[in-house]
Amino acid sequence: MIHATRIYSGIAEIATLSRGPVPRIAEAMSELGRIEDGAIAVDRGRIAWVGPRRRSRREIRLRAGGNVVELHGASVVPGFVDAHTHALFAGDRSNEIALKLAGKSYTEILAGGGGILSTVRATRAASTATLRSEARGRLGRMLRSGTTAAEVKSGYSLDHEGELRLLRLVPALARASGVRMVATFLGAHAVPPEFEGHTDAYIDQIVRRTLPIVARERLARFCDVFCEPGFFSVAQSERLLRAALGFGLGAKIHADEFVYSGGARLASSLHARSAEHLLLTPSDDRQALAASGVTAVLLPVTPFALFAGTRSPGREMVDARVPVALGTDLSPNSEVESMTTVLAHAVYSARLTPAEAITAATVNAAHASDLSAEAGTIAVGRPADFVAFDVPSVERIPVRIGSIPTLISRQGIPVASR
Ligand code: ZN
């Protein structure tokens, strides 16, 4: 007999994602580990039992004071893992919408002193309390839309102390928000104004000065770099990521977003954990990602928010047998906090099937974020982080554009709606 403090019952369909390889590729991305007419029992914040409801009555005993939560035919998936966010920033750039509508590109807006450099000015000028409270607001909204774990990147201070300040906010933000967080050091998000024309010297500063502290104080699990012409070259990106790997950090790379950069190919040669964006990654480089097992973190809302007129190559990546994960790319440039919005774009724009999109937003996103032991599946012994939606099957979640959860369980406890 299994003891539980709470039983969630009356679930039309559960996608457990609990069996199969991690990360999933190709056909395995469609295997959701479904249970129909199911129940989930929770004990001390972890999943104690998951299975068909008819077996739950004889296999589970409620502890004194425990209760049953009836979900009235909702469907349940693991809490979403947002594999790519830039949630640590101050200021806003909504004024740039008019520039974008007038045809200015990200790179042109940047050249005019706007874009990321305006966020860098605002972030450097913001007090730590302001940075903390703004990020806390974002994480709260992410949680209430079903995200229970997220990767978060630094990268809006672009100076030694400022980047460390951003990373040092992460543990307290995770505790305060209830969102499980993994930090990524993205000091090489852009070249700061002080180093304009001296990109190698900036990489030098990161490698010699900042990275050793990030590693020693365990401020980040990953190091990332914005590998695009005009930002950091393949050679500069390689130098930085090799140094990060030497310090025991994992490697991630922003690649092939605005133009083909060769960043995906570099990720393959370094066996990086992930290559991200990949809007313009050609077929040969998709093959290279597949061969080296690098996860493609796709951000299908970003081209939409940038008026880019391109689409995230979800279908092409799955067909090339690349493991695909999803993220919001939450930033002042694409202010999306909701993974259900990402799921809809993953289907209607990136052309994943609904089942593939769910896999990409859970078990594969957990892998990309090094959170597989704690997130992305509904399995006995794992934290009881899951989300219910008022739909008869899990595949309806991405189909209903911008689905709103009816219940979010964070370690077995329902998250308050506000
Ligand atoms: Zn990004």
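In each ligand, atom 1 is the first atom listed, and ligand 1 is the first ligand listed.
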Centroid-centroid under 6.0 Å between Phe226 and Phe231 rings
yes
What do you get for the angle at the Zn ion (ligand 1) between NE2 on His86 and NE2 on His254, to the nearest 10 degrees?
110°
Of all the N, O or S atoms in Asp329, which has the shortest distance to the Zn ion (ligand 1)?
OD1
If the threshold is 4.0 Å, N to carboxylate O, is there a salt bridge linking Asp200 and Arg239?
no
N, O or S of His189 under 2.8 Å from the Zn ion (ligand 1)
no
Would you name the heavy atoms of Ser261 and Pro229 that are closest together and state the gap between them?
CB-CD, 4.1 Å
Is the shortest heavy-atom distance from the side chain of Trp49 to the side chain of Asp43 under 4.5 Å?
no
